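The first residue in the sequence is number 1, and the count goes up from there. These numbers were taken from a predicted model, which means no experiment stands behind them.
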Amino acid sequence: MAVDARPYSSGRQAHSYKEQGSEVKPSHSNMSTPPHPQPPAKGASHGAGDFSYVGIDAILEQMRRKAMKQGFELNIMIVGQSGLGKSTLMNTLFKSKVSRKSVVSTPEERIPKTIEIKSISHDIEEKGVRMKLTVIDTPGFGDHINNENCWQPIMKFINDQYEQYLQEEININRKKRIPDSRVHCCMYFIPPTGHCLRPLDVEFMSRLSKVVNIVPVIAKADTLTLEERDFFKQTIREALRANGIDVYPQEEFDEDADDRMINDKIREMIPFAVVGSDQEYQVNGKRLLGRKTKWGTIEVENIAHCEFAYLRDLLIRTHMQNIKDITSSIHYEVYRVRRLNETNAQPNGQPPNTLANPQQANGVAAQHQVLTHEM
């Protein structure tokens with residue numbers, strides 16, 4: 001069997017970017033394909049003699065056209081120690097160079113002294129749909145001997161984005177459309193030890209799950225056998241339940257029976273055992289993304305080899321809007337309520353910068369659940 005390896009290419013060009021400290025200016029890339037012609041609005045075929053047709057269903061086409069003009073935003077944070085393939089997995093998800101490996105010159109610079117927050121934004125277009133994707137990397141996390149409180153810079157960054165959005169929202173002359181830099185999803189990479197969660201993993205997810213949607217993944221799952229993988233996944237699920245860690249999709253935010261049935265299947269898969277690769281190989285006459293080993297090729301998108309396809313569907317194809325909705329209506333709402341209460345309590349209107357109150361967060365989440373069921 002002839003095997004040919006070459007860098008992945010799907011007609012998309014690598015992105016260029018500019019960094020200034022921890023902020024990166026958005027860059028544009030030519031990833032567009034000829035847009036499909038817009039279908040006629042529903043009801044257009046109804047004749048003038050159809051007096052029973054009003055045309056209410058045309059609102060769907062109007063909403064679609066408006067959304068296509070505005071475009072979409074998605075902000076994903078990736079957290080995990082070095083060497084777990086975070087950048088490679090992000091590039092595999094979006095089939096482009098949306099994340100990159102750090103380039104360092106000396107061993108001393110290989111591990112940052114403190115956790116850094118680096119954001120890289122890209123404008124992506126596919127079949128006429130435009131999306132601004134921001135990948136937020138956290139180099140230095142978990143790479144030190146003493147990792148005490150290493151979650152604090154990440155928590156501060158997430159709250160800073162909420163604060164920035166809040167300040168734009170309460171301005172008298174606010175923008176017609178507020179730029180959304182809030183973190184919609186945090187992918188947490190678990191090392192493939194095959195044993196149990198580390199105290200660092202439990203501490204991070206316990207604290208961050210209250211302010212952001214967390215999706216845990218087992219990195220480089222091809223280093224585990226199928227039996228080791230299943231045991232590890234079960235052990236992790238038990239540890240999440242024992243420590244009260246509520247990862248996405250959260251049960252209390254299931255809106256109806258259909259959502260609950262779909263999300264229950266997803267929750268049974270968590271954490272996703274994934275493999276990332278930006279290399280293309282030829283297998284049985286087909287070109288596939290994968291990792292070549294002496295005993296065969298691990299196909300990234302083959303569900304028999306890993307769960308990358310399930311993770312991609314969750315983040316992009318089925319639950320992207322729901323992830324953004326929970327960020328806005330739950331996590332950001334908790335922060336907004338707390339900050340406005342602090343502002344009203346302070347004589348000078350300058351509230352202290354404190355972290356989110358878990359009890360208040362649970363109260364707002366419960367209130368949202370009641371309102372959702374009433375609707």
Within the 4.5 Å heavy-atom criterion, are [X] and [Y] side-chain neighbours or not?
X      : Y      : value
Val247 : Ile270 : yes
Pro216 : Met205 : yes
Tyr248 : Leu314 : yes
Asn263 : His319 : yes
Val215 : Cys185 : yes
Asp160 : Lys156 : yes
Thr193 : Arg198 : no
Lys118 : Ile120 : no

Are the side chain of [X] and the backbone N or O of [Y] linked by a donor-acceptor pair below 3.5 Å?
X      : Y      : value
Ser121 : Thr134 : no
Asn75  : Arg182 : yes
Lys86  : Met187 : no
Thr318 : Asp313 : yes
Arg339 : Tyr162 : no
Lys132 : Gly71  : no
Ser96  : Val98  : no
Gln161 : Phe157 : yes
Thr138 : Glu116 : no
Arg260 : Glu251 : no

Linking I/L/V/M/F/W/Y whenever any side-chain heavy atoms sit under 4.5 Å apart, do [X] and [Y] land together?
X      : Y      : value
Ile190 : Leu226 : no
Val274 : Met269 : yes
Ile178 : Leu340 : no

When you check the side-chain N and O atoms of [X] and [Y], is any donor under 3.5 Å from an acceptor?
X      : Y      : answer
Glu163 : Tyr335 : yes
Asn243 : Ser206 : no
Gln234 : Arg237 : yes
Asp325 : Gln321 : yes

Please lay out, stage by stage, how Glu299 and Val283 fare under the test side chain to side chain contact (heavy atoms under 4.5 Å, CB included). CA-CA 9 Å; Glu299 302 172 20; Val283 180; 3.9 Å; yes

Distance from [X] atom [atom1] to [Y] atom [atom2], nearest 0.5 Å?
X      : Y      : atom1 : atom2 : answer
Ile236 : Phe231 : CD1   : CZ    : 10.5 Å
Phe272 : Ile218 : CZ    : CD1   : 11.0 Å
Ile158 : Lys210 : CD1   : NZ    : 13.0 Å
Leu133 : Phe94  : CG    : CZ    : 4.5 Å
Thr223 : Arg229 : OG1   : CZ    : 9.0 Å
Ile76  : Met90  : CD1   : CE    : 4.0 Å

Answer yes when [X] and [Y] have at least one side-chain N-carboxylate O distance shorter than 4.0 Å, and no when they do not.
X      : Y      : answer
Lys97  : Asp278 : yes
Lys265 : Glu268 : no
Glu301 : Arg312 : yes
Lys233 : Glu307 : yes

Restricting to non-hydrogen atoms, name the atom on [X] and the atom on [Y] that form the minimum distance, rounded to 0.1 Å.
X      : Y      : value
Ala273 : Cys306 : O-CB, 3.6 Å
Leu89  : Gly276 : CD1-CA, 4.1 Å
Glu333 : Ser329 : CB-O, 3.2 Å
Asp256 : Asp259 : OD1-N, 2.8 Å
Gly290 : Val300 : CA-CG2, 3.8 Å
Ala309 : Ile303 : CB-CG2, 4.0 Å

* Determine, step by step, whether Met320 and Ile323 satisfy the side chain to side chain contact (heavy atoms under 4.5 Å, CB included) criterion, reporting the C-alpha distance in whole Å, the side-chain angles of both residues, the deciding distance to 0.1 Å, and the verdict. => CA-CA 5 Å; Met320 179 190 294; Ile323 289 174; 5.7 Å; no

Problem - Check against side-chain hydrogen bond (donor to acceptor under 3.5 Å, both in side chains), Asn213 and Thr327 - result: CA-CA 7 Å; Asn213 297 312; Thr327 298; 3.1 Å; yes

query = Can you list the steps and then say if Asn147 with Glu203 is a side chain to side chain contact (heavy atoms under 4.5 Å, CB included)?
reply = CA-CA 11 Å; Asn147 293 300; Glu203 181 75 9; over 6 Å; no

Partner of Phe141 under ring pair (Phe, Tyr, Trp, His ring centres under 6.0 Å), picked from Phe204, Trp151, Phe189, is Phe204

**Q.** Full working for side chain to side chain contact (heavy atoms under 4.5 Å, CB included) between Arg130 and Asp123
**A.** CA-CA 7 Å; Arg130 294 181 295 106; Asp123 288 333; over 6 Å; no

